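The structure under discussion appears below in the form of C-alpha cells.
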Amino acid sequence: MWHGDRTALVTGGARGIGLEICRQLANGGLRVLVGARSWEAAEEACRAIGSAALPLALDVASAKSVAEAVREAGELTGGIDVLVNNAGVSLDGDLRPPYLDEEILRTTLDTNLTGAWRMAEAVVPGMVEVGYGRVVNVTSSYGSLALMDSGRHPAYRISKTALNALTRMLAAELAGTGVLVNAADPGWTRSGMGGPAAPRGPEEGADTPVWLATLPDGDGTTGGLFAERKPLPW
Ligand SMILES: NC(=O)c1ccc[n+]([C@@H]2O[C@H](COP(=O)([O-])OP(=O)(O)OC[C@H]3O[C@@H](n4cnc5c(N)ncnc54)[C@H](OP(=O)(O)O)[C@@H]3O)[C@@H](O)[C@H]2O)c1
C-alpha cells in the first residue's frame, strides 16, 4: 500500500522495535522522521532505512526537546500525520511491590506515560486541523489489568496501564476528528528490552503498530488495544 505524502514520526526509532517500525513505514511509502535521543544514532538508522527517513533529535522525557523536535519536524515536512509513541524504558529489574523505588517509578512514568502524552499534546492539534491523524501508543500486555497476575516489573506495568488509559481518553476526545488513537502490544520481541531469548523478531513486533499507524481512510478503529492485530483485554 502506498501512503503518498504522509509523514510519520516514530519516537525511539533508532533501534529495536522502533527502528523496524520506521523501516516498515518507509517501505509503505511514508516519509519517516526517526526520533532518537542521539542525533548520530538517528542518522545511522536513516542511512540504513533509505532516503524516506530523516533524523530528528528527540528526548521524550524533556518538554523542551519535544517542543523543539516537533517544531523542526514541521519545518522539515510541513506536518506530522502519524505519531508512533514507541520510546520506552523498563527499569524495575527484580523489584516487586510492596518495595517501592520512587526514582525508578518517576523515571519510568516520565518516559512511558508523560513522554507519549507530551508528544500527543505537541502533535495532535496539527492533526485535528487537517482532519487526519493516526496515533499509536506502543504498550505491553504487561499493562493489561485483566492479565495482571503478579508484581513483576511494577513501574513498567503501571506506566503501560496508564498509557492505555491515555489511549482511551485521547480517542474519546478526538472522536469524529479523523484522528484515530490506538494502543499496540508488540508481544515479547528480541530487542534491547526484550533480550535475545524472545520468540518474536522485530518484524513481527512492528507489525501491529504499523497496521494501526496506516489504518486506511474510512476505518473507524479507535480507542482499542491490540496484539497481533486482534483486540487484547484491557
Ligand atoms: N521488546 C519487547 O518484548 C516488548 C514487549 C512489549 C512492549 N514493548 C514496548 O516496545 C517499545 C520499544 O521497545 P524495544 O523492545 O524496542 O526496546 P529497546 O530496544 O530498549 O528500545 C527502546 C527505545 O526507546 C528509546 N527511548 C528510551 N527513552 C527515551 C527517551 N527519553 N526519549 C526518546 N527515546 C527514548 C530508546 O532510545 P535510546 O537508543 O536513546 O536509548 C530506544 O530507541 C517500548 O515502548 C516497549 O515498552 C517491548
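None of the values given here were measured: they were computed from a predicted structure. Order of listing sets the numbers, starting from 1, for every ligand and every atom in it. One-based numbering along the sequence shown.
- Among pairs with a residue in residues 66-76, those fulfilling side-chain hydrogen bond (donor to acceptor under 3.5 Å, both in side chains) read Lys64-Glu68, at least two apart in sequence or across chains.
- Side chain of Gln24 to backbone of Glu203: a donor-acceptor contact under 3.5 angstrom is found.
- Classification of the Tyr156-Tyr142 ring pair by plane angle, with boundaries at 30° and 60°, yields perpendicular.
- Electrostatic pairing of Glu121 and Arg118 does not count as a salt bridge here, judged by no charged N lying under 4.0 Å from a carboxylate O.
- Of the possible polar contacts, none joining the Trp234 side chain to the Ala146 backbone as a donor-acceptor pair under 3.5 Å is found.
- Listed as neighbours of ligand 1 are Gly12, Arg15, Gly16, Ile17, Arg37, Leu58, Asp59, Val60, Ala61, Asn86, Ala87, Gly88, Val89, Thr111, Val138, Thr139, Ser140, Tyr156, Lys160, Asp185, Pro186, Gly187, Trp188, Thr189, Ser191, Gly192, Met193, Gly194, each bearing a heavy atom under 4.0 Å from the ligand.
- If you chain together hydrophobic residues whose side chains sit under 4.5 Å apart, Val66 and Leu83 fall into the same group.
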